[in-house]
Amino acid sequence: MGENIITLICNSCGCDKTEAQEYLDSELQHLRELQELDDLREGDIELACSNLGLDLDYQEYFINRLAGA
């Protein structure tokens, strides 16, 4: 799913794979910071999907990444 998500971000943001990976890493870092502060909410994951131009179906991807999967 990781490579697929990068391609989707490229298509939605009009960027190359390097930029897409940077955008994804940035969103994940932001979510991890919220998690560490015990301030992570479901809406934050929805917003990350939206920011990257991803369907909400990709919330599970972020949840798994935050859980260490």
Side-chain angles (χ1 to χ4, degrees):
M1 181 182 254
E3 180 64 28
N4 185 34
I5 199 168
I6 295 298
T7 302
L8 290 171
I9 295 169
C10 288
N11 292 338
S12 67
C13 296
C15 61
D16 63 30
K17 289 185 178 193
T18 302
E19 288 175 306
Q21 185 65 57
E22 290 173 2
Y23 295 152
L24 179 59
D25 291 345
S26 177
E27 289 294 340
L28 283 167
Q29 181 61 36
H30 177 71
L31 293 172
R32 284 186 188 109
E33 289 171 1
L34 291 173
Q35 186 178 37
E36 288 173 8
L37 295 171
D38 199 28
D39 195 30
L40 181 64
R41 301 185 175 128
E42 184 177 345
D44 296 322
I45 295 174
E46 291 173 2
L47 183 60
C49 288
S50 177
N51 288 344
L52 296 171
L54 300 172
D55 292 332
L56 294 180
D57 296 343
Y58 281 87
Q59 289 182 83
E60 184 177 343
Y61 171 84
F62 289 98
I63 291 167
N64 289 335
R65 290 292 304 268
L66 292 172

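Each residue takes its place number in the sequence, starting with 1. Just so you know, these numbers use all the heavy atoms, side chains as well, and skip hydrogens, waters and symmetry mates.
With sequence neighbours left out, the side chain to side chain donor-acceptor pair (under 3.5 Å) criterion links N11 to no other residue. Listed by chain and number, the residues in a side chain to side chain contact (heavy atoms under 4.5 Å, CB included) with Q35 are L40, L66 (sequence neighbours excluded). Residues meeting the side chain to side chain donor-acceptor pair (under 3.5 Å) test with Q29, sequence neighbours left out: E33. Shown here are the side chain to side chain donor-acceptor pair (under 3.5 Å) partners of D25, two or more places apart in sequence or in another chain: Q21. For A48, the side chain to side chain contact (heavy atoms under 4.5 Å, CB included) partners two or more places apart in sequence, or in a different chain, are E27, L31, F62. When the side chain to side chain donor-acceptor pair (under 3.5 Å) test is applied to D39, the partners found at least two apart in sequence or on another chain are R41. E46 pairs by the side chain to side chain contact (heavy atoms under 4.5 Å, CB included) definition with E42, L56, Q59, not counting sequence neighbours.
Here the straight-line distance linking atom CD of E22 with atom CD1 of I6 works out to 10.0 Å at 0.5 Å rounding. A distance of 9.5 Å separates SG of C49 from CD1 of I9, quoted to the nearest 0.5 Å. Considering CD1 of I5 and CZ of R65, their distance stands at 8.5 Å, rounded to 0.5 Å. Going from atom NE2 of H30 over to atom CG of N51 covers 8.5 Å, rounded to the nearest 0.5 Å.
Considering only heavy atoms from C-beta on, Y61 stays 4.5 Å or farther from L54 through its side chain.
Hydrophobic clustering (side-chain heavy atoms under 4.5 Å, transitive across Ile, Leu, Val, Met, Phe, Trp, Tyr) groups L34 together with I63.
The nearest pair of heavy atoms linking C10 to A20 is SG-CB, 3.7 Å.
For S12 (side chain) and L52 (main-chain N/O), a donor-acceptor pair under 3.5 Å exists by modelled atom type.
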